[in-house]
Amino acid sequence: MIRLFFSGFFFVILAIIQISFLHSLPWAFSATPLVFAFSTYLIQHRSLTLGIWWIIIFGFCLDLIKIGITPHEIISYTLGAIVAYSSARRLFSNRSFYGILACGIISYMTLIVSEIIILSIYSLTSLTHISWTNFTEYAVWSSSMLIVVLMILFVFAAKIRRLLFRSFILSKTQETF
Amino acid sequence: MSGYFWQSFKKKYLGRSMVIVLVIIIIFIFRGPLTSALSFIQTPLVSAGTWVTNQTLFLFNKDYVSVSTVIDLENKLGAMASDQAKLELLIEENKQLKEQLAFLQRKQAVFLSAAITSRISAGNRNNFTIDRGSDDGLVIGSPVIVGEGILVGKISALTKTAATVTSITDNTLMTAVTLLNESRTIGLAEGMGGNLIVLRFIPHDQTVSVNDLIVTSGLEDNIPSGLLLGIVNTVRPDPTAPFQEAIVEPLADIARHHIVSVITDTN
């Protein structure tokens, strides 16, 4: 129960920082996928399936308050979460910096491709004109910021680990899937 | 085999899945009070982000202009554009009055200020949420303005305590507008994503010039006439196409605002 409370608390804080503060910043900073980066870090580096649920719930919240990039963001975020978990468990099980980066990039690319497919279907079924230039620009900047955030998280890995222990999210015996 | 898989799945994931589904249901049911409670934290964060955007404006422009000068000029531009729009409409109204010799009751709008609590401005989408909802008298389609009556969006989703506003530059939004040109061309302004709007399907016999003002035409429910949208930046006259297009630059950049006003009653 305490673990659930702290999990929910950290998720809310990260989500609010992303959609309220980061999205109000200029230039590439507004495209920072903070929740996705943290969740991928938890999945790959700390073997916490909590990250999967953070990604899915964040996609749901974006659909709920209608501030997603595409309609039905929950589909794209769910696919991204599944790929993050599968790749962390089977492909990039090495807890190195490159493992985190590779897992983050492949799962985020899955999310982007899913959004492209959904946007394509949406543009065919409605009169809405899609600017692929704008979307590509967003995809490039958000991917770049994802890498930056993952780098920062890796640098502070020890402190994050301590925080996770103190908030009962991570147990001392849990190191792998 | 399938029995073993189900037992394994049930043991590992069923409990957690049920908890997550329960959390999603709770969020959905209590989203009104939740967004209301969280807005106290979100509003200052949005203010801080917007402040950073305004202070670093010079980094992303080619020529250096101080922030205070830009803000001052933009305020003057907004005020002058608003005055011109009102003047144009007053001239037209006066003309009609003289022709009809009838009394016209001017509409009185009720404004409600609201703080932005979250936003997305990426790809083709440009939406933001505010801390006012249906309990404050907002309805779907209510116009949202900044400054001197400059339209920045329309309410597209509502709860009791919060609302989602779709910006005029979002590619899913269309607004009925009038060009303040000689022939008072009416049309639909469609967001292009990014920071621009496009006016499509303008007949070739209509004269559209750069720097023509675009205002709301009043032909939509809940949207009064005369709200400024932007100025014509580029005209694309294509003799081979049946219509011409005009690219419109919005007068207000919502990324630089954290407080907006909603027009709740135009009667």
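Remember, it's a predicted structure, so these values are computed and weren't measured experimentally. Letters go in sequence order (proteins before strands), and every chain restarts at 1. What's counted below: heavy atoms across the whole structure, side chains too, no hydrogens, waters or symmetry copies.
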Measure the [atom1]-[atom2] distance between [X] and [Y] for me, rounded to the nearest 0.5 Å.
X: B:Leu158; Y: A:Lys66; atom1: CG; atom2: NZ; answer: 10.5 Å
X: A:Trp27; Y: B:Thr53; atom1: CH2; atom2: OG1; answer: 13.0 Å
X: A:Ser30; Y: B:Ile120; atom1: OG; atom2: CD1; answer: 7.5 Å
X: A:Ile69; Y: B:Ser121; atom1: CD1; atom2: OG; answer: 8.5 Å
X: B:Thr50; Y: A:Phe21; atom1: OG1; atom2: CZ; answer: 9.5 Å
X: A:Asn134; Y: B:Met192; atom1: CG; atom2: CE; answer: 8.0 Å

- Identify which part of A:Ile130 has an atom lying under 4.5 Å from any heavy atom of chain B, answering side chain, backbone, both or neither.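 Backbone plus side chain of A:Ile130, per the 4.5 Å heavy-atom cut-off to chain B.
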- Which answer fits A:Ile57, side chain, backbone, both or neither, if we ask what part of it has an atom under 4.5 Å from a heavy atom of chain B?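 Contact with chain B: side chain only.
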task = Side chain from CB out, backbone as N, CA, C, O: work out which of these in B:Thr117 comes under 4.5 Å of a heavy atom of chain A, or both, or neither.
result =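 Looking at B:Thr117, just its backbone touches chain A.
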key: Considering all heavy atoms, the nearest A:Ile65-B:Thr164 contact   =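 Taking A:Ile65 first and B:Thr164 second, the nearest heavy atoms are O-OG1, 2.8 Å.
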Heavy-atom pair of closest approach, residues A:His23 and B:Arg119 =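 What the structure gives for the nearest pair is ND1-O, 2.6 Å.
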task = Show your working on side-chain contact (heavy atoms from CB on, under 4.5 Å) between A:Ile67 and B:Ser118 and close with a plain yes or no.
result = CA-CA 8 Å; A:Ile67 58 167; B:Ser118 63; 3.8 Å; yes
May I ask you to check whether over 12 heavy atoms, not counting those of [X], lie within 6.0 Å of atom [atom1]?
X: B:Ile186; atom1: CD1; result: no
X: A:Phe97; atom1: CZ; result: yes
X: B:His257; atom1: NE2; result: yes
X: B:Arg236; atom1: CZ; result: no

Could you check which of [options] has the highest count of heavy-atom pairs closer than 4.5 Å to chain B?
options: A:Thr133, A:Ile56, A:Leu64; value: A:Leu64
options: A:Ser20, A:Ser131, A:Ser142; value: A:Ser20
options: A:Cys61, A:Gly68, A:Ala139; value: A:Gly68

key: Pairing residues for B:Lys154 by the side chain to side chain donor-acceptor pair (under 3.5 Å) criterion, not counting sequence neighbours   =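 With sequence neighbours excluded, B:Lys154 shows a side chain to side chain donor-acceptor pair (under 3.5 Å) to B:Glu220, given in chain and number order.
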(Q) Just so I understand: if I count every heavy-atom pair under 4.5 Å between each of B:Thr172, B:Val198, B:Thr43 and chain A, which residue has the most? (A)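 So the answer, after comparing B:Thr172, B:Val198, B:Thr43, is B:Thr172.
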Among the options B:Arg256, B:Gln42, B:His258, pick out the one with the most heavy-atom pairs lying under 4.5 Å from chain A.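 Highest number of heavy-atom pairs under 4.5 Å: B:Gln42.
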Residues in residues 125-142 of chain B that sit under 4.5 Å from chain A, counting heavy atoms only: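 Those residues of residues 125-142 of chain B which have a heavy atom under 4.5 Å from chain A are B:Arg125, B:Asn127, B:Thr129.
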